[in-house]
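Right, one structure below, let's go through it.
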Amino acid sequence: MNLQDKLNLYRIQPNEYDRICELLGRAPEGVEWAVFSALWSEHCSYKSSKVHLKKLFSQSERVLQSFGENAGIIDLGRGEKVAFKMESHNHPSFIEPYQGAATGVGGILRDIFTMGARPMALANYLCFGEPKAERMTELVRGVVGGIGGYGNCVGVPTLTGQTNFHESYNGNILVNAMAVGLFQEGDPICLSQATGVGNWVVYVGAKTGRDGVHGASMASESFDEDSESKRPTVQIGDPFYEKLLIESCLEVMKEGLVEAIQDMGAAGLTSSSFEMADKGNVGLTLNLDSVPLRDPTMTPEDILLSESQERMLLICKPEKFADIRAIFEKWGLDACAIGEVIADPVIRLMWRGETLSEMSPKMVVDNAPMYERPYNSWQPPQKTGKVSLSISNASEVLLNILNSVSGGSKEWVYRQYDQRVQSSTARDCSSPVGVSALPSGRALGMVLGCRPHLMRQSPYAGGVDSIVYPALELASKGFEPLAVTDCLNFGNPEKPEVMTEFVSSLAGMNEACAAIQTPIISGNVSFYNETLHKGVTPTPSTGLVGLRENLDNIPDSDLSCDGDIIFLLTFSPSQSTGLAGEMFSQKAQLNYDFDLSGFKSFLDGLRKVTSANCVRSTRVVGNFGLAYTLARMAIAGNRGAKIECDQDYFAEPLYQVVLTVSASQKDQAEQAMNSNSLRWQKIGFVIEEQLQWNDLKVDVAALKENYEGSWRKAFPRFP
Amino acid sequence: MKKVGILRFPGTNCDRDIWKSVELQSMQPEWIWYKQSFLPDNYDAYVIPGGFSYGDYLRSGALAALSPAMSCIKEAAKMGKPIFGICNGFQILCEAGLLPGALMRNEKGLFIDQWVNLKLENSSQWSPFSVGQIFKMPMAHADGRFFISEEGYKQLVDKGQIWLTYADNPNGSVGNIAGVMNEAGNVVGMMPHPDRALFSWMGSEDGLEFFQWQDASGVNQ
């Protein structure tokens with residue numbers, strides 16, 4: 001094979017090859033190609049994003065663990081902590097939707113329990129193309145089936161999610177999964193740095209097969225006409241095995257038998273071993289011929305690059321190995337010693353008594369390329385004055401929106417997910433905020449952010465929104481936002497316009513996080529989301545976690561009692577033509593009249609009001625504006641409303657919140673809003689049967705029928 | 001304190017939920033690992049939780065039904081011990097031949113998580129006891145369509161073995177059946193989850209009283 005073919009096969013750039021030769025003092029040989037291919041891939045090395053990620057707001061008093069480990073950890077007080085992280089599985093899911101999505105769930109769960117936390121909740125952020133696009137029916141069905149198939153079987157409830165549709169995802173869907181895990185008092189936090197010369201390297205879990213070989217470098221490349229041929233690089237998941245791995249790993253960690261532990265994710269054994277050794281400043285010998293194999297004809301290179309699922313690498317004292325093995329055996333799993341920690345800071349890869357390679361993990365990991373990819377200068381959006389949509393016949397438009405795939409019910413999706421296993425779900429996927437009960441009796445809230453249509457208008461404003469909108473949703477239910485995880489899905493970073501989107505949206509997110517003092521503690525970057533040179537909408541999805549002191553009187557999200565007063569809280573005059581503007585092909589406008597520095601006090605004020613037991617229901621005014629928000633509340637509670645409010649029906653305010661309060665608690669609520677300096681107006685009250693607002697008059701039954709019929713209309717072939 | 005044995009198979013995932021439910025009734029839960037053998041009298045009652053025993057790989061509940069612990073459960077059933085299977089536990093009891101019928105793929109072939117209303121058709125040895133009472137609780141399964149031959153169904157009706165029915169059939173179950181009992185009324189199984197309806201913040205507390213029973217002499221436990 002000539003050099004150029006080799007560089008193509010291992011997806012190494014010529015300049016990177018020169019650097020490798022310089023570091024080694026010679027050309028790479030044998031399995032060294034595989035090691036560099038994996039660890040220097042975009043997926044493992046973050047080479048295009050690292051420069052920018054370093055600037056993220058990532059600290060607060062509650063942060064116990066930030067970037068650098070498998071997941072971030074925050075302290076909830078009272079002996080409770082949570083670990084959480086979000087990750088993409090876009091490329092595998094586009095190639096093979098069921099397995100791609102399933103193994104995305106499996107991978108993110110391993111990141112969580114690897115640290116010693118018991119997985120307690122899942123969420124997923126999905127972006128699909130138009131329903132009529134090629135393969136889209138199969139992709140939607142497969143992805144939802146895969147997420148459900150895996151999550152339901154491992155016994156972790158799915159508490160929230162977001163499903164978007166847009167043509168920019170026709171050739172590259174996004175599948176992002178988030179997991180949250182709980183540490184109770186006394187549960188150890190386990191890290192991944194290898195320590196203790198003479199300690200053993202132990203391999204546990206499923207046998208290694210050929211699946212996923214070259215997966216990490218595949219995920220670091222754009223799609224072409226030939227994506228079908230990449231199917232063999234997609235891993236196959238076994239959630240039953242994962243469940244056994246969760247129980248056994250948590251047991252060995254709790255018994256204190258483990259010195260370090262890391263899951264084998266992207267780039268499998270290579271990345272886990274090199275990273276563990278690098279972090280611990282030690283070396284490892286690895287006997288590749290001791291790795292349990294599914295197929296005995298596998299080569300050392302296959303073994304190093306396999307991304308077979310449900311496998312972990314751990315480091316233990318030799319005398320603890322027997323106890324470890326006994327626990328894994330009880331759960332029906334194998335544990336075998338495949339190497340040893342050595343003082344020499346090298347990874348010595350052995351095969352049938354022969355040394356295949358001896359490289360310093362520091363040299364490989366710390367010298368991974370880091371690029372300052374070019375980007376263009378950019379500006380935050382400006383104040384432009386009032387935004388308006390020219391829409392006549394509001395009643396009909398509202399029904400059309402409810403009957404569209406973007407505005408309609410997503411129940412078909414989430415009812416395939418077990419939302420209540422573990423018996424701690426207080427609010428499920430039908431609520432804007434998923435809520436889980438903590439053992440201490442407090443409530444943990446979870447919500448996802450990023451609205452792609454705002455990203456299309458302004459990556460900066462969209463970046464701000466991907467933090468403050470979910471934060472507002474948490475506060476609207478009485479939760480204090482604590483921390484953020486993100487999954488940055490972008491196109492090809494080698495294109496300056498994509499890098500500009502990346503840099504400006506990250507700036508928006510970062511400024512928003514600093515303004516509300518909510519750090520980003522973990523995340524993942526997914527570049528090269530493009531097919532045939534067409535990139536996706538820049539989509540930095542986020543997951544926020546919040547805390548509430550109690551489980552009682554969490555505001556609902558509906559109109560439920562006739563006579564209840566409806567209030568509208570307003571943060572700023574900012575407004576966008578939003579999704580309705582896109583849907584009805586109107587000129588996109590964004591009036592960005594926004595003072596981020598005032599957002600925290602708005603958030604805190606809202607939270608105080610919504611935890612004061614005087615509010616019945618709340619909903620942040622979101623996609624499609626106020627009319628749609630009220631319609632969703634009407635559908636949920638089977639009640640109507642009489643509204644008087646001088647505002648565009650469908651433009652999207654940044655930001656407003658609807659509150660409903662019983663007539664008897666009106667004074668108390670007004671006082672609470674006043675004392676928290678919130679700007680509010682009374683816009684109406686709850687009535688039976690009809691939503692009435694000027695010329696908009698629709699029966700709740702019609703709202704419901706259109707909302708519930710939307711999915712069937714978009715996907716007539718689904719069961 | 002009454003002792004309740006909770007069976008655990010590889011892949012059981014509602015075990016800790018049942019533990020909580022039993023504790024809420026001030027009873028002593030204890031794990032029974034599937035490889036374990038025990039005497040029927042070791043425990044006052046037995047619960048087989050939901051989940052995906054053996055990954056549901058052959059057929060839901062089929063492999064678990066052949067385990068050593070299930071042989072002991074069969075003995076306990078013969079002796080009239082109260083035995084309760086929920087979701088995958090119900091599937092296991094059917095596969096083990098301790099309950100009539102079988103649980104098949106839902107009508108539309110999809111997993112369904114939703115709230116359902118259940119009606120108590122006949123009282124068993126397990127609480128609750130008031131026939132006609134309605135209970136709200138969640139279901140979450142892909143293989144929950146109760147199936148039995150026409151003749152078998154007639155027998156269930158005649159012998160009063162239909163325990164619970166759905167108010168609104170979600171999955172195509174024969175006769176809207178959500179739960180059945182054996183002839184003696186000591187072995188019961190249901191697909192929906194009383195273990196997920198224990199507090200009002202969960203959305204319902206109707207499930208709580210399902211974790212009580214009457215002993216053979218009719219005394220409430």
Side-chain angles (χ1 to χ4, degrees), chain A residues 118-120 141 144-145 147-158 237-248 330-333 411-431 435-437 439 441 443 548 550-554 556 718-719, chain B residues 8-21 23-24 33-36 49-58 60 63 86-88 105-115 137-143 170 172 192-204 207-208:
Chain A
R118 176 172 282 279
M120 63 179 285
R141 190 167 181 188
V144 173
I147 291 171
Y150 207 100
N152 298 348
C153 182
V154 292
V156 182
T158 296
D238 182 344
F240 170 60
Y241 223 94
E242 177 106 333
K243 169 68 175 160
L244 304 178
L245 204 54
I246 293 177
E247 297 302 334
S248 50
K330 181 179 104 185
W331 290 98
L333 301 178
E411 195 185 350
W412 187 89
V413 174
Y414 62 74
R415 100 191 196 123
Q416 295 185 54
Y417 306 149
D418 192 334
Q419 299 161 64
R420 275 164 272 269
V421 60
Q422 299 195 6
S423 292
S424 39
T425 301
R427 289 289 184 279
D428 61 19
C429 295
S430 65
S431 159
V435 180
S436 183
R548 183 183 155 108
N550 56 57
L551 282 159
D552 303 318
N553 301 316
I554 297 174
D556 288 322
F718 280 165
Chain B
R8 290 177 112 183
F9 299 91
T12 299
N13 64 27
C14 302
D15 40 351
R16 294 147 53 89
D17 310 359
I18 300 297
W19 185 281
K20 273 190 246 177
S21 310
E23 274 187 338
L24 282 169
W33 188 236
Y34 74 108
K35 287 182 178 167
Q36 219 173 305
F52 287 72
S53 56
Y54 298 93
D56 276 358
Y57 283 147
L58 178 57
S60 300
L63 291 171
I86 299 167
C87 202
N88 191 222
R105 191 112 277 231
N106 293 343
E107 205 167 31
K108 289 187 175 172
L110 299 178
F111 188 97
I112 305 172
D113 176 313
Q114 70 172 52
W115 288 88
M137 61 187 70
M139 61 172 249
H141 58 245
D143 298 324
H193 281 277
D195 47 326
R196 301 180 187 181
L198 303 174
F199 299 99
S200 60
W201 56 258
M202 291 182 169
S204 163
L208 195 55

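Every chain is numbered from 1 and lettered A, B, ... according to where its sequence line falls, protein lines coming before strand lines.
- Between the B:Asp113 side chain and the A:Gln416 main chain, no donor and acceptor come within less than 3.5 Å of each other.
- Counting only distance, with no hydrogens or angles, the side chain of A:Lys243 and the backbone of B:Ser53 share no donor-acceptor pair below 3.5 Å.
- Using a 4.5 Å heavy-atom cutoff, the side chains of B:Arg196 and A:Asp418 are in contact.
- Looking at B:Ile112, the atoms closer than 4.5 Å to chain A (heavy atoms on both sides) sit in the backbone and in the side chain alike.
- For the set B:Arg16, B:Met202, B:Lys108, the count of heavy-atom pairs under 4.5 angstrom toward chain A peaks at B:Arg16.
- A distance of 9.5 Å separates CG in B:Leu110 from CZ in A:Phe718, rounded to the nearest 0.5 Å.
- Only the side chain of A:Leu244 comes within less than 4.5 Å of a heavy atom of chain B; its backbone N, CA, C and O stay farther away.
- With a 4.5 angstrom heavy-atom cutoff, B:Tyr57 touches chain A only via side-chain atoms.
- Interface check for chain B: of the options A:Leu551, A:Val421, A:Val154, A:Val435, the most heavy-atom pairs under 4.5 Å are formed by A:Val421.
- Atoms CZ and CG, from A:Arg420 and B:Asp17 in turn, are 12.5 Å apart once rounded to the nearest 0.5 Å.
- Of the inter-residue distances, the one linking A:Gln422 atom CD with B:Asp195 atom CG reads 12.0 Å to the nearest 0.5 angstrom.
- Between A:Phe240 and B:Tyr54, the ring planes are tilted. Angles from 30° to 60° get that label.
- The part of A:Tyr417 that comes within reach of chain B is its backbone (N, CA, C, O), which places non-hydrogen atoms under 4.5 angstrom from that chain.
- Here the side chains of B:Trp201 and A:Asn550 are not in contact, with every heavy-atom distance at 4.5 Å or above.
- Residue contact with chain A, scored on non-hydrogen atoms closer than 4.5 Å, is absent for B:Trp19.
- When each of A:Asp552, A:Thr425, A:Asn152, A:Ile554 is scored by its heavy-atom pairs under 4.5 Å with chain B, the top score falls to A:Asn152.
- Taking A:Cys429, A:Cys153, A:Pro719 one by one and counting their heavy-atom pairs under 4.5 Å with chain B, the maximum is reached by A:Cys153.
- When the candidates B:Thr12, B:Leu198, B:Asn13 are compared by the number of heavy-atom contacts under 4.5 Å with chain A, B:Asn13 comes out ahead.
- Interface residue A:Asp428: only side-chain heavy atoms are found under 4.5 Å from chain B.
- In summary, of the residues considered (B:Tyr34, B:Phe9, B:Trp33), a ring pair (Phe, Tyr, Trp, His ring centres under 6.0 Å) with A:Trp331 occurs for B:Trp33 alone.
- Per-residue heavy-atom pair counts under 4.5 Å with chain B were compared for A:Arg427, A:Glu247, A:Lys330, and the maximum is reached by A:Lys330.
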